[in-house]
Novice: 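If you scroll down you'll find the structure; I have some questions about it.
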Amino acid sequence: VTFFTAGLAAMTAESFTFPMDAIKARMQLSTSDTKPATLRTSSFLAELPTLYYGLGAALCRTLPYSGIRLMLYEQLRAVLLLLPMFVNVGSPPFWALAVIAVISGA
């Protein structure tokens, strides 16, 4: 996994989930007693483009963060496979992969 492919995958995921996060934040900030009424009372189609406000900043953050994080995970996994205790195993055990995931932030 390279830096750019990991970053591109994360940016694609961010593009799809960003509007849902914006709706969730608006519902949490809503003062109405019934939260789903927030979407019904406002003209949802007119506000649809506003769901993407801030997407550019989120994508600028996602590319380096996710790229570095996943690249570091793959590098640590490659080093892990070189250790004598994992050479003939094929795939390291779950606990070892969990440890490198915690270290890399994945």
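Nothing here was measured: the structure is a model prediction, and the numbers come from that model. Residue numbers start at 1 and run along the sequence shown.
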Novice: I need the S104 OG to R77 CZ distance, nearest 0.5 Å.
Specialist: 12.0 Å
Novice: From Q75 CD over to L70 CG, what is the distance, rounded to the nearest 0.5 angstrom?
Specialist: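 It comes to 12.0 Å.
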Novice: Would you please test I23 and M27 for side chain to side chain contact (heavy atoms under 4.5 Å, CB included) and show each step?
Specialist: CA-CA 6 Å; I23 291 172; M27 290 176 73; 3.9 Å; yes
Novice: What are the two closest non-hydrogen atoms of A10 and T62, and how far apart are they?
Specialist: CB-CG2, 3.4 Å
Novice: So, R26 versus T50: side-chain donor-acceptor pair below 3.5 Å or not?
Specialist: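 Side-chain D/A pair, R26 to T50: present.
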Novice: Nearest 0.5 Å, what's the CG-CZ distance between L83 and F86?
Specialist: 6.5 Å
Novice: Excluding sequence neighbours, so at least two apart, what forms side chain to side chain donor-acceptor pair (under 3.5 Å) with S66?
Specialist: R69
Novice: Do L80 and W95 share a hydrophobic cluster (ILVMFWY, side-chain heavy atoms under 4.5 Å, transitive)?
Specialist: yes
Novice: Give, for atom CG of L59 and atom CG of L55, the distance between the pair rounded to the nearest 0.5 Å.
Specialist: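 Reported to 0.5 Å precision, the distance equals 4.0 Å.
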Novice: Starting from L76, can I reach L81 by hopping between I/L/V/M/F/W/Y residues whose side chains sit under 4.5 Å apart?
Specialist: no
Novice: Distance only, no hydrogens: is a donor on one side chain within 3.5 Å (strictly under) of an acceptor on the other, for T5 and T2?
Specialist: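 Side chains of T5 and T2: pair found under 3.5 Å.
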Novice: Under the salt bridge (Lys or Arg N to Asp or Glu O under 4.0 Å) rule, what pairs show up with a residue in residues 82-102, not counting sequence neighbours?
Specialist: none
Novice: Do you know which two heavy atoms are closest between F16 and P19, and how far apart they sit?
Specialist: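 Looking at all heavy atoms of both residues, the shortest contact is O-CD, 3.6 Å.
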Novice: Which pair of non-hydrogen atoms, one from A96 and one from P92, has the smallest distance, and what is that distance?
Specialist: CB-CB, 4.2 Å
Novice: Are Y65 and F4 grouped together when hydrophobic residues (ILVMFWY) are joined by side-chain heavy atoms under 4.5 angstrom apart?
Specialist: no
Novice: Taking all non-hydrogen atoms of both residues into account, name the closest pair between Y73 and L97 and its distance.
Specialist: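 Taking every non-hydrogen atom into account, OH-CD2, 3.7 Å.
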Novice: Kindly determine whether F18 and L51 satisfy side chain to side chain contact (heavy atoms under 4.5 Å, CB included), including the steps that lead there.
Specialist: CA-CA 8 Å; F18 192 82; L51 296 178; over 6 Å; no
